[in-house]
Enquirer: 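To start, I am sharing the structure in question, which I have written as structure tokens.
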Amino acid sequence: MKEWTREERYRVLQGPEDIRGLYERIKTSAYRQRWHVQPITGLSSDPNGFALHKGTWHLCYQWCPWGAVHGLKYWYHVTSSDLIHWQNTGIGLAPDCFYDNRGAHSGSAISRDGALVFFYTGNHRDEDWTRTPYTCAAVLGEDGRPRKLEKPLFGPRDDHSEHQRDPKVVWNEEKGKYYIFIGAQTLDRRGCVLIYESRQLLSGWRFAGELKVPGYEAFGGMWECPYIVNISGRDVLIFSPQYTKLPGRGESTNHNVYLIGNMDYDTLTFTPDGPYRHLDYGFDFYAAQGAASIGETDRAILIAWIGLPDNHYPTEEEDWEGSLSLPRELRIRDGKLVQTPLPGLATLRDTAITPDGTLPAVCELELTASGNEDLDFNLFTRTDGTGGLRLHYDSRVKRCTVDRSGMDRRFNQAVGEVLDMPLDAPLKKLRVLIDRCSAEIFANDGEATFTTHVYPTEREFNYTLSGGTLRGWTLKPSVTDEFVV
Ligand code: FRU
């Protein structure tokens, strides 16, 4: 694995020619995605600035141009008219001013009064590498490029640690105010959310207080990427707690969870209806964000980073890594979030698959079962059926177990290679969406999901199945992998 010096990781991009060679090299990789947003070069992590504005979906990702390393972060901007087909449009935000000199870190967007406004964290570091996070804004210009405000909206509070970032902006009609939720850490290293309020989007911000979440006063050491949305009359709080292990999640210390409950803006209290749940049960799912300004009350549209902080993936050898998940519809059913692929994804279906045990590199599979039987569905096996990503359903306890230790290319072994996806109902349906380096599994029409990176070798494009009925399709590509910088 390459050792990066700080100078290398934090190099400023002078122009497209700096990375054209890298782009030409990685674009031929067997693991480049065909229908997921992925880094043009280098590394992509969190989704940022996801919003619908004047009929166009805007989405950015945290981007380090230089390689598979978390260094100087840009926002790379992609757009779509249908959330299925995506175009590269170039750099959204560059870390090019005092306030973000060491990175334009994560944030959100909102479309209001004809303007699309982005909120992000300016990651400033001084010469001693001391960090000062600023909450900054930028407005989409006529030319499709965000223009930064000259000054930040506000700086950090000194009654919390330096970890204050990832502004999520929301409009509250009842109060006639905007609120910004900031992922933060207390001085004694507990994860929390700070709330700011203002009647205007670009000025007048004041600190309102720390969000109270009864029962979650000591839940992880930092809450990254908070996101709040109202779906069908209930408030949903999504966040990524770090520096803690959670039951059933192996050795991982990075998680993405949600609470359904009630957000009271008078007392700044989020009262959960019940316990937290994992947004996704897979190995690689983090920093999920919903699209803003979609103007609907019964669903949200969510996208996440297929990957985790502090983890390493095999394409590091090729100098790139990361992918965003597919956008998912989010609804509430029986007090739980359910997630389903967008209906439009069906337009990517190409040829129907003959269920003969071979697995196309890019496909959708649908398994239907009685719910009463145990199942073994092993993807990416060798021709003799050994190895692969092995999924076992135990009907007695209604649980799927996914084991990736049989794959030729193993990674993040220390975090754990076996995870469970518990279900409330018997397993009657599994939808598996496979791109060249990812698999996303949806159980029972979105009751639970499981997302993982997977890097099959040439001999692993097979599957075995005991039980159930399988059908499937190859999928057409929907991302342009063009060099737009
Ligand atoms: C989450 C995160 C955010 C931060 C960004 C930096 O993965 O750590 O908290 O803004 O990544 O890339």
Side-chain angles (χ1 to χ4, degrees), residues 1-4 9 26 29-33 36 38-39 42-47 61-64 67-71 73 220-222 224-225 240-257 278-288 304-326 378-381 387-392 400-421 432-441 448-457 460:
M1 216 182 344
K2 179 173 159 51
E3 291 292 329
W4 293 79
R9 291 191 322 178
I26 67 170
S29 163
Y31 298 120
R32 290 298 281 173
Q33 301 276 60
H36 285 81
Q38 64 192 329
L43 173 139
S44 63
S45 53
D46 313 359
Y61 55 77
Q62 283 284 283
W63 177 48
C64 179
V69 66
H70 291 271
K73 294 286 178 72
M222 163 68 190
E224 295 195 309
C225 303
S240 297
Q242 287 191 303
Y243 311 127
T244 185
K245 288 186 195 167
L246 294 177
R249 302 300 299 160
E251 295 302 305
S252 183
T253 55
N254 299 290
H255 313 276
N256 207 168
V257 302
H278 293 278
L279 205 47
D280 185 284
Y281 289 94
F283 299 101
D284 305 302
F285 192 88
Y286 197 71
W305 167 25
I306 303 185
L308 291 182
D310 317 316
N311 281 234
H312 296 275
Y313 298 90
T315 51
E316 267 190 37
E317 289 167 21
E318 302 176 352
D319 287 323
W320 71 281
E321 125 185 352
S323 169
L324 296 190
S325 71
L326 61 83
N378 302 322
L379 298 158
F380 303 107
T381 57
L389 181 75
R390 303 184 83 82
L391 184 147
H392 175 73
C400 290
T401 302
V402 180
D403 180 349
R404 69 177 178 189
S405 66
M407 299 284 303
D408 281 345
R409 284 193 212 283
R410 294 170 69 178
F411 50 98
N412 299 326
Q413 282 144 274
V415 174
E417 295 175 287
V418 183
L419 283 176
D420 287 337
M421 171 168 64
V432 185
L433 292 146
I434 295 175
D435 205 344
R436 283 175 157 182
C437 68
S438 62
E440 286 155 286
I441 302 171
T449 67
F450 193 106
T451 300
T452 178
H453 265 305
V454 61
Y455 300 87
T457 59
E460 291 180 308

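All heavy atoms count here, side chains included; hydrogens, waters and symmetry mates do not.
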Enquirer: From Ser240 OG over to Leu308 CG, what is the distance, rounded to the nearest 0.5 angstrom?
Expert: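 Taking OG in Ser240 and CG in Leu308, the distance rounds to 9.5 Å.
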Enquirer: For the residue pair Ser252 and Asn254, confirm or rule out a side-chain donor-acceptor distance under 3.5 Å.
Expert: no
Enquirer: May I ask you to check whether Gln38 and Ser323 show a side-chain donor-acceptor distance below 3.5 Å?
Expert: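 Gln38 vs Ser323: no donor-acceptor pair found between side chains.
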Enquirer: Do Pro47 and Tyr61 make a side-chain contact, defined as non-hydrogen atoms from C-beta onward lying under 4.5 Å apart?
Expert: no
Enquirer: Is a side-chain donor-acceptor pair under 3.5 Å present for Tyr31 with Arg409?
Expert: yes
Enquirer: If you take the centroid of each ring, where Trp contributes its six-membered ring, are Phe450 and Phe285 closer together than 6.0 Å?
Expert: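 Centroid separation for Phe285 and Phe450: 6.0 Å or greater.
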Enquirer: Side chains of Thr449 and Glu440 only: does a donor on one sit below 3.5 Å from an acceptor on the other?
Expert: no
Enquirer: Does Glu318 reach the main-chain N or O of Thr315 with its side chain, forming a donor-acceptor pair under 3.5 Å?
Expert: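 Not at all, since once roles are kept as given, no pair shorter than 3.5 Å links the two residues.
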Enquirer: Carefully, step by step, assess Thr401 and Val418 under the rule side chain to side chain contact (heavy atoms under 4.5 Å, CB included).
Expert: CA-CA 7 Å; Thr401 302; Val418 183; 3.6 Å; yes
Enquirer: Looking at side-chain heavy atoms only, is the closest gap between Leu391 and Ile441 below 4.5 Å?
Expert: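 SC-SC contact between Leu391 and Ile441 confirmed.
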Enquirer: Which pair of non-hydrogen atoms, one from Pro456 and one from Met407, has the smallest distance, and what is that distance?
Expert: CA-CE, 3.9 Å
Enquirer: Side chains of Ser438 and Val454, heavy atoms from C-beta outward: is any pair under 4.5 Å?
Expert: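 No, every pair of side-chain atoms sits at 4.5 Å or beyond.
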Enquirer: Go through it in stages, so that I can follow the logic: the residues are Phe283 and Thr452, the test is side chain to side chain contact (heavy atoms under 4.5 Å, CB included), and I'd like the CA-CA distance, side-chain angles, deciding distance and then a yes or no.
Expert: CA-CA 5 Å; Phe283 299 101; Thr452 178; 3.4 Å; yes
Enquirer: Can you name the closest pair of heavy atoms from Arg249 and Gly282 and give their distance?
Expert: NH2-O, 2.7 Å
Enquirer: Could you report the tightest heavy-atom contact between Asp284 and His453, atom names first, then the distance?
Expert: OD2-N, 2.8 Å
Enquirer: Is there a donor-acceptor contact under 3.5 Å from the side chain of Gln242 to the main chain of Glu224?
Expert: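 Looks like no, no N/O pair under 3.5 Å.
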Enquirer: Stepwise, does the side chain to side chain contact (heavy atoms under 4.5 Å, CB included) test hold for Cys400 with His392?
Expert: CA-CA 5 Å; Cys400 290; His392 175 73; over 6 Å; no
Enquirer: Using side-chain heavy atoms (C-beta onward) and a distance below 4.5 Å, is Leu43 in contact with Gln62?
Expert: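 No, every pair of side-chain atoms sits at 4.5 Å or beyond.
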Enquirer: Does Asn412 reach the side chain of Arg404, with side-chain heavy atoms less than 4.5 Å apart?
Expert: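 Yes - at least one pair of side-chain heavy atoms lies under 4.5 Å apart.
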Enquirer: Over 60° means perpendicular and under 30° means parallel, so classify the ring planes of Tyr286 and Trp305, tilted if in between.
Expert: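 Perpendicular.
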Enquirer: Do Val402 and Leu389 touch side chain to side chain, with heavy atoms closer than 4.5 Å?
Expert: yes
Enquirer: Indicate yes or no: at least one non-hydrogen side-chain atom of Glu417 is less than 4.5 angstrom from one of Phe411.
Expert: no
Enquirer: Within the 4.5 Å heavy-atom criterion, are Leu246 and Val257 side-chain neighbours or not?
Expert: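 Yes, side chains in contact.
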